[in-house]
Novice: 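Take a look at the following structure, please.
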Amino acid sequence: MIPNRFEHAQAASEINQRWDEAGCSHAEIDKSKQPYTIVIPPPNVTGALHLGHGLNNTLQDIMIRTKRMQGYSALWMPGTDHAGIATQAVVERRLKEQENLSRHDIGREALVERIWSWKDQYEARILGQLKRMGCSCDWRRTRFTLDPQCAAAVRATFFDLFQKHLIYRGKRLVNWDTFLQTAVSNDEVENVTKKGHFYHFRYPVIEPQPGEPEFVEIATTRPETMLGDTAVAVHPDPEAALRKIETELLEKLESVTGKEADDLRDQLDAINSRQREMLGNLKVLRNMALDGRQLMLPLAERPIPLVTDEWAKPELGSGCVKLTPAHDPNDYEVGIRQSLPMINILNADGTLNSVVPAYEGLTIPKARKQVVNDLDEAGLLGEIEDRDIEMPLSDRSKTAIEPYLADQWFVKMADLSQSAMDAVSSDEVQIFPPRYRKGYLDWLGEKRDWPVSRQLWWGHRIPIWSARFDSQTEAQSVADASRQLGTESQLAVTLQEEPAEIQGGPSSYSVFVCLRDEDSPLEPKVEALGLVRDDDVLDTWFSSALWPSSTLGWPQQTEDLEYFYPTSTLCTSRDIITLWVARMVLMGLNNLGQVPFSHVYIHPTILDGNGERMSKSKGNGVDPIDVIDKFGPDALRFGLARIATDTQDVRLPVQYECPHCEKLIEQTKKNRTVATVPCPACGETFSTQWAESEAEKAFPKSAVVSEKFEDSRNFVNKLWNASRFVLMNLEGYQAQPIDVPSLPVEDRWLLSRLATVTKEVTEGIEQFKFAEVGRMLYDFAWNEFCSFYVEIAKPRLSDPEQRQQTQNVIAYGLDTLLRLLHPIMPFVTESVWSYLGELADQRGLQPQAASEFLMLADWPSYHAEHYDPTIERQFAEFQQVVGAFRSIRASQNIPPKEIVPATIRCTQSSQALLQPMLAYFKALAGADVQEIGEQAAAFETDAPLTIPAIDIEVHVDLEKFIDVEAELKRLEKLQTTISRQITGKENKLANENFVSRAPADVVQGERAALEDLVKRRSTIEIDIKRLKEKASLN
RNA sequence: GGGCGAUUAGCUCAGUUGGUUAGAGCGCUACGUUGACAUCGUAGAGGUCACAGAUUCGAAUUCUGUAUCGCCCA
């Protein structure tokens, strides 16, 4: 027999085991079925999953379970991502914290070994989290982006791109993380605003001509970079530039007023005063630049040119800008334009190199201080302003990013990007919600080459061997010799000239050899020619970009690939549309000639109660396991599905759960970063994720959860109990076909509602409307199935004549509801399914044996013929009458157990419907209906309620219960409301415009409504009068 | 600076092509527990739909602008 309570912890683990043993989530190639494939966005092995992942994976599971039930061969490919830089950073940081060692102390092999063991630990944790959530991945296929199969795909792709000359090496300005000593991509850099200074310097002019200034003033927020300056720029036409700004301001000024206009006028004044006071000087400087004047760079004592370039803004500062092409992205662009030397002043660790020996070895902050001091002593320091400065920080190490000139491998993006843009423009890949198309297309449209090398030890090592030569002929001969070593399918060779201006030295020539196979026998031969393998590894996204095909076996032409590729839907969050989705599309097209998926669904981001993204490092990350422990996996999933609207963010307030008293304590910005928290409810102290010392850890640790899952937990409970009711009443069940036309109204209502809900849920999932699907199922199950159908079934089940038919219908109803709910709440539905199978194995419209697992059962089909709008409308009348009785009872404080005499005045057609249902008013509203029809009368001591929309008036006999005060209060309140409505309607109808311009049916409707209201008001007024008379008699 | 999103009840959110009295869950108030469920039931209170303007007979809904918050990009 079904237990009293659904013990989710026990049930879920048993069910998981049964599914696992039966291989329910394993997908096989089955040519008789359509494939449906989802690849999981592989979670980083950096850390455990939080609710953001919980949402992501719940939605995927809803889709895959639905498709599986719909008869597809549904494959959900699981796995994890090695997340190169992130994981290495975490392990390195721990190494530093716990053992005070750097990666260089322990060496490449030892570090990589430690990262592998970290990976093993977190991969297991992550897969465990997914399993407990009920994710029906095909676990037998679990992959890892660094495993041999994925590595083979990486190698094949890299070789192919290299062969197509889409991979090249360049010295480029990269975002250098001086802590991790690697380049990071733009996307791994976040900008923060900090308080800083704006330093003004004077650079002496070498041999100024008469009338020319002796110094040029520049300003910078990063003084130490001046050691690498290679020019100072002035605008080529400062007069025109200022005039242009002036014109623009004037134009703008015409269209605005108030505060904004004042701002503009201030700006205009500033420009005008510049035109008066500075323009002359700027013109002189421009002419000096054109005349080839040079400046003496202080401290370095190096002559540098004065050049003209539009990057110098005559409206800002002194109008001159120093150029440090090797350490500033904008200056770098100017440097390329102006063919300036690029002087690197940094070592890889962020200390200064020997370019200016006096500063060698200093860290950047120290060098900055020293440079400022030295310039001051030299009398070249001007004003120092306070100013907010934008500082780039590495996402990974949280240290400052330095722009740094380094050798990097790049993928040429022009054609690849175009292909990925075309795929979306042509709708071959559809993105939902569609507003995300723009970001995708804009980003790809920039066609920026992709820097793929990372100076890390954890990742796919770049399969290139290289050597650099000063002489072209020498390089050529080594390149030729390399080519002789194997065939074009084994190796690819390029020779690349690296021009002088980039390096700041003479040109050189590099030979690159890319080997196709891992552990190729060619390796020693290549090395014998003096070529050395690149130390760097590939950007993590390079391997993730291959995920949809590498997991299916590509580059091998496997049967899996043939059958399951392209995949169907990719479900992810918006922050990686460009980083990942775009790259998968272009790699899929390059490697297989086919897009990797047809649909991309972007779900919202979960924020905490303060509107901040969840993350472990903020302390507001919620572990799905904590939620599962407290509320159960079904509640977690249902709760998540219900917040998956198509907005971009959703808020989920977060609480600590006190381990002593289980009270939930709202998380605040304050208490979420401390090690221990005193519980305001019980006074005991608990610890948080920040607990470190023994003393802190001695307090029991609090789970972090969200009370938003409480309603979902209640819903699971409701479903369980409704199911229990059904099961407890199936004694003597006999399977019988359900003859729909012969069914009473309530049964046909249920079938009609089931048909509609089935249709809407099916479509909703198809269209990624998960929140709506959740709401529909919740409303149907709770407010219709439980509150009405089950209540009505109670008297019918105790009536021997109706019992059997009711059992058949209710079993069918529950069966369908379980199927519809299964993708969202797999455990509780699977559990009920087993119990139902024990009592009513054969069930349905045409009874059939139920499958062993609900997970593998058929999705309900939409019975259009069951949808009956008349029945639904009639039943709605019944519900409204029930509501009217309840409302009267409540206002009269009639005790729930008392059955009150009642009558219903209604039209003949309503009477025809309600007559057979009269008994249910007793069950649902404690009303004993003694009379129904057009002539049904009020009682001597009467409480009436009119439902104008359906022309029904209900009356309750208050003889035994009359509470005149309460009744008067109720009626008078009603009277006020109605009067207000009447006024509104009268005004509306008195408006000539409304009557003449609004559609006739709307006007007609308003008139009818007004008439009803007036009628009601007079009825109520009569009732009030009668009641008052009665009161005065007593 | 550009793009995207949000702003509706104390909280978290729905709100279909503009049309009677703007909804739900939680929270709150009152009443209720031996018969599926107190993780429950019934009833109720609670909203100038951020602000300003425009379109319209009629705007939470369409348009323009403003403010606040968030995210992304430069």
Novice: Roughly how far apart are A:Lys708 NZ and A:Leu51 CG, rounded to 0.5 Å?
Specialist: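 Rounded to the nearest 0.5 Å, the NZ-CG separation comes to 13.5 Å.
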
Novice: When the C1' atoms of B:rC11 and B:rG46 are considered, how many whole Å apart are they?
Specialist: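 It comes out at 13 Å once rounded to the nearest Å.
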
Novice: Expressed in whole Å, how much space separates the P atoms belonging to B:rU42 and B:rC26?
Specialist: 11 Å

Novice: With rounding to the closest Å, how many angstrom separate the P atoms on B:rA60 and B:rG2?
Specialist: 31 Å

Novice: Kindly assign one of parallel, tilted or perpendicular to the pair A:Trp720 and A:Phe6, based on the angle between their ring planes and the thresholds 30° and 60°.
Specialist: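 The arrangement is tilted - the two ring planes meet at 30° to 60°.
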
Novice: Assuming nearest nucleotide by heavy-atom distance, tell me which of A:Asp711 and A:Val1002 is located more 5' along RNA chain B.
Specialist: A:Val1002

Novice: Name the nucleic acid region contacted by A:Pro999, choosing base, sugar-phosphate or nothing; use a 4.0 angstrom heavy-atom cut-off, strictly under.
Specialist: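 Base contact.
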
Novice: Base contacts versus sugar-phosphate-only contacts with protein, heavy atoms under 4.0 Å: please encode nucleotides 33-43 of chain B as B, S and - from 5' to 3'.
Specialist: ---BB-BSSSS

Novice: Write down the distance separating the C1' atoms in B:rA38 and B:rC4, rounded off to the nearest Å.
Specialist: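 Per the computed distance, 45 Å lies between those C1' atoms.
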
Novice: Would you kindly give the CH2-to-C1' distance between A:Trp443 and B:rC4, to the nearest whole Å?
Specialist: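 A:Trp443 atom CH2 is separated from B:rC4 atom C1' by 18 Å.
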
Novice: Does the structure show a Watson-Crick or G-U wobble partner for B:rC4, both distances under 3.5 Å? Name it, or say none.
Specialist: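 B:rG70 - that is the nucleotide pairing with B:rC4, both distances being under 3.5 Å.
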
Novice: Does B:rU64 have a Watson-Crick or wobble partner in any strand here, with both distances under 3.5 angstrom, and which is it?
Specialist: B:rA52

Novice: For B:rG19, give its Watson-Crick or G-U wobble partner with both distances under 3.5 Å, or none.
Specialist: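 Across any shown strand, B:rG19 pairs with B:rC57.
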
Novice: What integer number of Å spans the P atoms of B:rA6 and B:rU61?
Specialist: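 Each nucleotide's P atom is 13 Å from the other's.
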
Novice: Would you mind telling me which of B:rU56, B:rC73, B:rG5 lies closest to the side-chain atoms of A:Arg435?
Specialist: B:rG5

Novice: Rounded to whole Å, how long is the line connecting atom CD1 of A:Ile606 with atom C1' of B:rG70?
Specialist: 16 Å

Novice: Under 3.5 Å, is there a donor on one side chain and an acceptor on the other for A:Arg5 and A:Asn721?
Specialist: no

Novice: Just the rounded figure in Å: distance from P of B:rG23 to OH of A:Tyr778.
Specialist: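 About 18 Å, once rounded to whole Å.
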
Novice: Do the side-chain N and O atoms of A:Glu791 and A:Tyr920 include a donor-acceptor pair separated by under 3.5 angstrom?
Specialist: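 Absent: no donor and acceptor within the cut-off.
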
Novice: In a check of ring pair (Phe, Tyr, Trp, His ring centres under 6.0 Å) between A:Phe432 and each of A:Tyr601, A:Phe770, A:Phe768, which one passes?
Specialist: A:Phe768

Novice: Say we look at B:rA30 and B:rG18: how far apart would their C1' atoms be, to the nearest angstrom?
Specialist: 39 Å

Novice: Could you tell me whether A:Val1003 contacts a base, only the sugar-phosphate backbone, or nothing, with contacts defined as non-hydrogen atoms closer than 4.0 Å?
Specialist: nothing

Novice: Which residue pairs pass the side chain to side chain donor-acceptor pair (under 3.5 Å) test with at least one member in residues 629-638 of chain A, sequence neighbours excluded?
Specialist: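 Found A:Asp61-A:Arg637, A:Arg132-A:Asp629, A:Lys630-A:Glu657.
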
Novice: What is the distance, to the nearest angstrom, from the CD1 atom on A:Ile577 to the C1' atom on B:rC73?
Specialist: 13 Å

Novice: From CG of A:Leu652 over to C1' of B:rC11, roughly how many Å is that when rounded to an integer?
Specialist: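 For the pair A:Leu652 CG and B:rC11 C1', the rounded distance is 12 Å.
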
Novice: With rounding to whole Å, what would you report as the distance between B:rC37 and B:rU33 at their C1' atoms?
Specialist: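 Taking atom C1' in both B:rC37 and B:rU33, they lie 11 Å apart.
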
Novice: Between atom CG in A:Asp575 and atom C1' in B:rC73, what is the gap in whole Å?
Specialist: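 Atom-to-atom, A:Asp575 to B:rC73, this comes out as 13 Å.
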
Novice: Work out how far the C1' atom of B:rA74 is from that of B:rU8, and round it to whole angstrom.
Specialist: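 The same atom, C1', in both gives a distance of 34 Å.
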
Novice: Given salt bridge (charged side-chain N to carboxylate O under 4.0 Å, His left out), test A:Lys759 with A:Glu763 step by step and report yes or no.
Specialist: CA-CA 6 Å; A:Lys759 178 164 179 275; A:Glu763 287 172 359; 3.8 Å; yes

Novice: Starting at atom CZ of A:Arg574, determine the distance to atom P of B:rG70, rounded to an integer number of angstrom.
Specialist: 14 Å

Novice: Rounding to an integer number of Å, can you tell me how far A:Phe994 CZ sits from B:rG18 C1'?
Specialist: 13 Å

Novice: Between B:rG70, B:rA14, B:rG19, which nucleotide has the shortest distance from any of its atoms to the side chain of A:Arg775?
Specialist: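 Of all the options, the side chain of A:Arg775 is nearest to B:rA14.
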
Novice: Give A:Arg642 one of three labels, base, sugar-phosphate or nothing, depending on what nucleic acid heavy atoms sit under 4.0 Å from its own.
Specialist: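 Touches nothing.
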
Novice: Between A:Arg753 and A:Phe780, is NZ or CZ placed under 6.0 angstrom from the six-membered ring centre and within 45° of the ring axis?
Specialist: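 Ring-cation test returns no.
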
Novice: When you get a sec, tell me which of B:rU12, B:rA6, B:rC57 is the closest nucleotide to the side chain of A:Thr647?
Specialist: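 From the listed options, B:rA6 comes nearest.
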
Novice: Below 30° counts as parallel, above 60° as perpendicular, anything between as tilted: where do the rings of A:Phe715 and A:Trp782 land?
Specialist: parallel

Novice: Taking pairing as Watson-Crick or G-U wobble with both contacts under 3.5 Å, can you name the mate of B:rU29, or confirm there isn't one?
Specialist: B:rA43

Novice: Could you tell me whether the phosphate oxygens of B:rA74, OP1 or OP2, come under 4.0 Å of any side-chain nitrogen or oxygen in A:Arg448?
Specialist: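 Yes, because at least one side-chain N or O of A:Arg448 sits under 4.0 Å from OP1 or OP2 of B:rA74.
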
